[in-house]
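Data first, discussion second: the structure below is written as structure tokens.
Quick note: residue numbers are just sequence positions, from 1. Quick caveat, the model's predicted, so the values are computed rather than measured. Atoms within a ligand are numbered from 1 in the order they appear, just like the ligands themselves.
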Amino acid sequence: MASRARRLAAQLRDLRDAAAAFPDALVLLDDAGRVRWINRAATRLLGLAWPGDRGVLLAERLQGSRLGDWLRSGEARADDIPAPADAEIRVNASLIAFGHGQRVLRARDITELARLDQVRRDFVANVSHELRTPLTVIHGYLELLDPDEVPALAPVIAEMRTQSRRMGQIVEDLLTLSRLEMKRSLPDEHVATAPMFATIRKEAEALSQGRHRIVLEDSAHCDLLGSPKDLHSAFSNLVSNAVRYTPTGGEIVMRWRRTPTGAEFSVTDTGYGIPAEHLARLTERFYRVSSSRSRGTGGTGLGLSIVKHVLNLHQARLAIASEPGKGSTFACQFDQARLLEAGGDAA
Ligand code: ADP
């Protein structure tokens, strides 16, 4: 009996030692949010002391820090916030529930990851920026060339123009993505939806050139709070995809309607559709179901990444439903807090 107790005690000690040595900060909280136990990293990252902080209310102890604000907000996760003990250290934090109302707070040091991500972002932004000027020059000279003067070169000149325009579009899309990635929020303005949807519909008709039936249904009759330029770009990306991935004779329906939690702008097409295994990856940069089809229709492979970033900055979500051979629906779902009375106040 005594040896069993000793074995159990040793096992418990091992578990506690392993948790103490864990590189993530761990704080065990009781059902009232009081500290029951912390590991060593919790001292380095959160500035907690042991046993001095045993029994204190963690949200109060961390008051005034972003982590403290997050604890009080009741949200499950906090990404990339400064560590309370050292603002140079960035952490991701989450609360994991266990037992009867108890929770573990876990904070992970992501300083190095965040730095590498910043290096990657800067690199992409700089490369795109550096490519812009030479591309503009090449494009300018190509426009000056008159194919009629050298008919033999006419197809070559036409192809060079198409490709230089494509490169220009990729660079512009990469710069747009870099700009969006650097932001934590966008300007909140009153976005009049009716004229915006009417413009997007006209743009879609110009792109389709009569090859599709394009329908706009507006039953929401409300406006949005957000960035007009970025929302326009996100919505028109979805509509232009629908035109580009729907064969001649197909139908494209743009719908703006209320939902139980807010409102939704969706674009439904009767196009090629997308096999289920691709859906989760569609918003990754340069991810394409079929490269040749995307390039053939003038795609850069960045459209849906831009859509996702714009929606994230509006706390909105992109829902995708699709059936190969039947068509797809891309829906932008906004919360009630983002809705405004058409022409006036909160809807
Ligand atoms: P692209 O410039 O290649 O269209 P996007 O990021 O806009 O890039 O879209 C990524 C991929 O998702 C596309 O290459 C295409 O394979 C697929 N896709 C997007 N929209 C549709 C749609 N409406 N119907 C079918 N496939 C689509």
inquiry  = Please determine whether any non-hydrogen atom of F330 lies less than 4.0 Å from an atom of ligand 1.
reply    = yes

message = Under a plain distance cut-off of 3.5 Å, with no hydrogens placed, do D173 and Q169 share a side-chain donor-acceptor pair?
response = yes

request  = Verify whether one side chain among T246 and H212 offers a donor that lies under 3.5 Å from an acceptor in the other.
outcome  = no

ask   = Is any N or O atom of G299, backbone or side chain, closer than 3.5 Å to an N or O atom of ligand 1?
value = no

note = For R288, the ligand 1 atoms with a heavy-atom partner under 4.0 Å come out as 3 (O), 14 (O)

request  = For ligand 1, find out whether one of its N or O atoms is nearer than 3.5 Å to an N or O atom of N241.
outcome  = yes

query = So, the side chain of S208 versus the backbone of A204: is there a donor-acceptor pair under 3.5 Å, distance only?
reply = no

query = Can we say D117 and R120 salt-bridge, meaning some charged N sits less than 4.0 Å from an Asp/Glu carboxylate O?
reply = yes

task = Look at ligand 1 and say whether Y272 reaches it with a heavy atom at a distance under 4.0 Å.
result = no

ask   = Does some non-hydrogen atom of R244 fall short of 4.0 Å from ligand 1?
value = yes

message = If we set the cut-off at 4.0 Å for heavy atoms, which region of I274 has an atom near ligand 1: side chain, backbone, both, or neither?
response = side chain

inquiry  = Please determine whether a side-chain nitrogen of the Lys or Arg among R257 and D218 lies less than 4.0 Å from a carboxylate oxygen of the Asp or Glu.
reply    = no

task = Check each atom of ligand 1 against the heavy atoms of V289 and keep those under 4.0 Å away; list them by number with element.
result = 16 (O)

query = Do H190 and E341 have a side chain donor and acceptor closer than 3.5 Å?
reply = no

message = Here's one to test your reading of the geometry: is the NZ or CZ of R255 within 45 degrees of the ring axis of F265 and under 6.0 Å from its centre?
response = no

task = Determine whether the side chain, the backbone, both or neither of D269 has a heavy atom under 4.0 Å from any heavy atom of ligand 1.
result = side chain

query = Is R36 paired with D30 through a side-chain N to carboxylate O contact shorter than 4.0 Å?
reply = no

query = Which atoms of ligand 1 sit under 4.0 Å from any heavy atom of G301?
reply = 1 (P), 2 (O), 3 (O), 6 (O), 8 (O)

ask   = What are the atoms of ligand 1, with element, lying closer than 4.0 Å to any heavy atom of L304?
value = 5 (P), 6 (O), 7 (O), 9 (O), 10 (C), 12 (O), 19 (C)

remark   = Members sharing L15's hydrophobic cluster, built from side-chain contacts under 4.5 Å between Ile, Leu, Val, Met, Phe, Trp and Tyr, are none

query = Which heavy atom of the protein is the closest neighbour of atom 21 (C) of ligand 1, given with residue, atom name and distance?
reply = Y245 CD1, 3.5 Å

key: Any G271 heavy atom less than 4.0 Å to ligand 1   = no

